[in-house]
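Down below is the structure, laid out as structure tokens.
If you read the sequence from its start, that first residue is 1, and numbering goes on from there.
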Amino acid sequence: MNTGTPVHVSLGDSIASGEGVGVAIPPPLTWPGLLAAAATARFVPLARGGAPVATVIRDQLPAARALAPEIACVCVGLNDLFRSGGVTDRAPSGIQTLVRRLRADDTLVVVGRLHDPTRLVPFPGRLGRLIRDHVAAINAGLEEFRADHGVVLLDMSALVDRPECWAVDRIHPSGFGHRVLAAAAAHRLGLAFEVGPAPTAPSLASWWRWLVRHGVPWLAARTPELITSEPLRRQAHAIAWGDASLN
């Protein structure tokens, strides 16, 4: 542990880094950054958009441990479905490993329990079930830490029914959503934090503008990687061959 100014770090993907599709939250205004400010700690953002669990363990975890942080804010897992470097079957155990290694250094870990993205963005039936099962497996794996006083489980699903908490892409938290998450974490840690008034949620017209300007180009650029995603390739094969086990 540090003896001077405490250090907070973020690890994970875009939910922790603030990166989005055509939208971005500056690192100090993400929920890990805001939590660090509330604790008057130095904030080092290590989370990167698109990172699957294995990448966080390989690249971000050593950098975090070298800083001996007082608190590590972690949110990761969804990209293991959609990135070619992700492996869904090992994601839950990978996140457990990530938390255990941070705790071995006596770092307090604030880790996000994933929300169900199918409640925000419509997905075809079988793909939607794959996503929900993946989220449930990761969240179930985090339950082993519920009795650990050095782990705070932060429920991302608290944002789902609040449109003002989501950016226009409907995938990433808005600036206000990050404030809501920071307030929830601060409350659990006994820190003062004011959320402030809620803004108006993005309009349908703004979503259509975002889709044309950012959403479609982003999807086109990502298509080659989506095709090589192991879980999505399995899903496509199952659909093509009529695998009843995925119904």
Spell out, as yes or no, whether a donor-acceptor pair under 3.5 Å connects the side chain of Ser10 to the backbone of Leu46.
-> yes
Non-hydrogen atoms of Ala36 and Phe43 that approach each other most closely = CB-CB, 3.7 Å
Are Ile95 and Val135 co-members of a hydrophobic cluster defined by side-chain heavy atoms under 4.5 Å apart?
-> yes
Approximate separation, where rounding is to 0.5 Å, of His134 NE2 and Leu130 CG | 8.0 Å
Side-chain heavy-atom pair Val168, Arg209 within 4.5 angstrom cut-off = no
Do Leu159 and His115 have side chains that get closer than 4.5 Å, going by heavy atoms?
-> no
Interatomic distance, OG@Ser14 vs CZ@Arg48, rounded to 0.5 Å, equals 12.5 Å
Here the gap from Gln96 atom CD to Phe145 atom CZ, rounded to the nearest 0.5 Å, amounts to 5.5 Å
Pair Asp105-Thr107, side-chain hydrogen bond (donor to acceptor under 3.5 Å, both in side chains): steps then yes or no | CA-CA 5 Å; Asp105 296 335; Thr107 296; 5.2 Å; no
What's the shortest heavy-atom distance between Ala184 and Leu154, and which atoms?
-> CB-CD1, 3.7 Å
Mind checking the OG1-CG spacing from Thr55 to Leu11? Nearest 0.5 Å is all I need.
-> 12.5 Å
Is it true that a side-chain atom of Glu164 and a backbone atom of Ala198 form a donor plus acceptor pair closer than 3.5 Å?
-> no
Residues Thr118 and Asp116: side-chain donor-acceptor under 3.5 angstrom = yes
The reported gap from NE2 in His172 to CD1 in Ile15 (rounded to nearest 0.5 angstrom) is 5.0 Å
Glu194 CD: over 12 foreign heavy atoms closer than 6.0 Å | no
Using a 4.5 Å cut-off on heavy atoms from C-beta on, say whether the side chain of Leu153 contacts that of Val111.
-> yes
Looking only at heavy atoms, the pair that brings Cys165 and Val180 closest together is SG-CG2, 3.9 Å
Closest non-hydrogen contact found for Ala182 with Leu34 is CB-CB, 3.7 Å
What pair of heavy atoms forms the shortest contact from Val110 to Leu189, and how long is it?
-> CG2-CD1, 4.4 Å
Under-4.0 Å salt bridge between Glu143 and Arg113 | yes
Measure the spacing between CG of Leu120 and CG of Asp161 and express it to the nearest 0.5 Å.
-> 8.5 Å
